2 protein chains.
Amino acid sequence: MSLQTLLNSHHDISHIKSSCATCSLRELCLPVGLNEEEIRVLGDIASHKRKISRSGYLYRAGSKFQSLFAIRSGFFKTCILEQDGRQQVTGFHMTGELLGLDAISTEMHTCDAVALEDSEVCEIPFAKLEEISRTIPSLMHHFHKIMSREIVRDHGVMLLLGSMKAEERLATFLLNLSRRFVMRGYSEYNFNLRMTREEIGSYLGLKLETVSRAFSKLQDENIITIDNKHVQINDIVRLKIKMGNSTCIT
Amino acid sequence: MSLQTLLNSHHDISHIKSSCATCSLRELCLPVGLNEEEIRVLGDIASHKRKISRSGYLYRAGSKFQSLFAIRSGFFKTCILEQDGRQQVTGFHMTGELLGLDAISTEMHTCDAVALEDSEVCEIPFAKLEEISRTIPSLMHHFHKIMSREIVRDHGVMLLLGSMKAEERLATFLLNLSRRFVMRGYSEYNFNLRMTREEIGSYLGLKLETVSRAFSKLQDENIITIDNKHVQINDIVRLKIKMGNSTCIT
DNA sequence: AAATAGCTTTGACTCAGATCAATCGAAGCA
DNA sequence: TGCTTCGATTGATCTGAGTCAAAGCTATTT
């Protein structure tokens, strides 16, 4: 595989406390392409904020779909509980991203959304959104675009995982996270992982031991560096990898 | 695993020539929830039909997104060509389904669409659709719903594959196909596979030999029966399986 | 009718990742 | 402070799927 070491220097990262600071609604919406007028309108209907503490549920599978959530700060996972009790992680969601899209075609949430750290979201009641979209149709159009982009991004990655080995899967996962941090204005080289090895494994279709081994291997190969190894779900990863021909990562 | 034999009888399937007959636009749209007025309007802009013969391209990755396509008859695969020349199948699409959604967030097709048998599609120019949606907003709304439903359906399946063994993946795949045939009004027990073992494998993240072995195993276990084994991409599968607690298949 | 090409099946071998198990570090708590 | 719990790491072993190879069937071509 074409993973290449890009940088080898160690930066001082002692100042990094959380992966994400707090996002204003404006910051959430600008990258998405909404104009000032649309943001103003959205601000009116999305004024309600909610705090979710670590391990808390934002919504549960089966509950009625009522709102989308813009993540102002924090980190979430979405997961489904299979009949045998095992849980399957279906995605990770960071500050600045939209949550709740899983329900958009079914009127019902298809998965649980769980906070991986103390988080704050901005609630966007979907009924109001639809109502206002009658006068400003472009609003709904934007949301559908965001939705499809998010789903397609994930979908594309998942499809490619099928043909990858454990190390490549992990690299893909880290690169994906990295890019999403960059989009939100954070360093692409230093960020915190808020999820456990088991959660990563569940998402990537690997066992936690395999994920751990892959981390160790990437570190041995000097591709990543991990501080605070043994901090539970809070280790800091310095990404120093890049796909040689980065066409296969979205 | 909770696969259970449901039926064991052999039906006469000699009359089954193709997996699908030809669909009218009305048939395409009704299950989707469009009303008469909307179908009439859609009919006006979607009058142009195109025939694609086996192995022909409906569109290619990188080409400009201009139209959605409703499949009137036939069977397609979508696939992406990786930089190393291998091709990755990203989906299969049957009569009555909508094709071209891969491009909806990018203005550009992200994959190739190839006919697996002689097929006919109905072209829906997206610009016209958007134009008309200004007067009938519900139309676009419907399309977004269809879109998200299709994407989510696939996405859900793919996510679950990660934790499955080869046999389970194949069973999931066959059940998925089966349900889609049912939705189009065909038997859920008898249908044709238009794709090769290699294409199935690519889609499921397996090698063709593994797919073949999984087919044999399912047959040994009396879960499926295959006629015309050696017909190239045309073998007839009699599905006799059902998940015990079918919550994990979407 | 024979030859060719495409796809499938099956067997033997190998290896990546799952499984089982033990240990360790960090955080929280009595 | 010591105890408990949770997560991470590492080793040993097992197994399912990939790989390589040979042979089979069907359809197509000559």
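In what follows, every chain begins at residue 1, and chains take the letters A, B, ... in the order their sequences are listed. Model, not experiment: these values are computed from the prediction.
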Sugar-phosphate, base or nothing in reach of B/G201, heavy atoms under 4.0 Å: nothing
Distance-only donor-acceptor test (3.5 Å): side chain B/R213, base D/dT19: yes
Atom CD of B/Q88: over 12 foreign heavy atoms under 6.0 Å: yes
Whole-Å distance separating the NZ atom of B/K165 from the P atom of D/dG18: 12 Å
Nearest to side-chain heavy atoms of A/S212, which nucleotide of C/dT10, D/dT9, D/dG7: D/dT9
Options C/dT19, D/dT9, C/dT10, nucleotide nearest the side-chain atoms of B/S216: C/dT10
Nearest-Å distance for atom pair CG/P, residues B/L204 and D/dG18: 11 Å
CA sep, side-chain torsions, deciding dist, call: B/F69, B/F76, side chain to side chain contact (heavy atoms under 4.5 Å, CB included): CA-CA 11 Å; B/F69 301 94; B/F76 287 83; over 6 Å; no
Minimum-distance nucleotide to A/R197 side chain [options: D/dA8, C/dT8, C/dG17]: D/dA8
Validation row, ring centre B/F173 to ring centre B/F92 under 6.0 Å: yes
Flag if over 12 foreign heavy atoms under 6.0 Å of NZ, A/K49: yes
Interatomic distance where CD1 belongs to B/I200 and P belongs to C/dC7 [whole Å]: 13 Å
Nearest listed nucleotide, side chain of B/L208, among D/dA8, C/dT9, C/dA18: C/dT9
Length of the line joining B/K217:NZ and C/dT10:C1', which is rounded to integer Å: 15 Å
Between D/dG11 (P) and A/E209 (CD): distance, integer Å: 14 Å
For atom CZ of A/F215 and atom C1' of D/dA8, their distance in whole Å: 11 Å
Side-chain N,O (B/T210) to OP1/OP2 (D/dA17) below 4.0 Å: no
Between P of C/dG17 and NZ of B/K207, the distance in whole Å: 13 Å
Aromatic plane relationship, A/F65 with A/H109 - under 30° parallel, 30 to 60° tilted, over 60° perpendicular: perpendicular
Length of the line joining B/M164:CE and D/dG16:P, which is rounded to integer Å: 17 Å
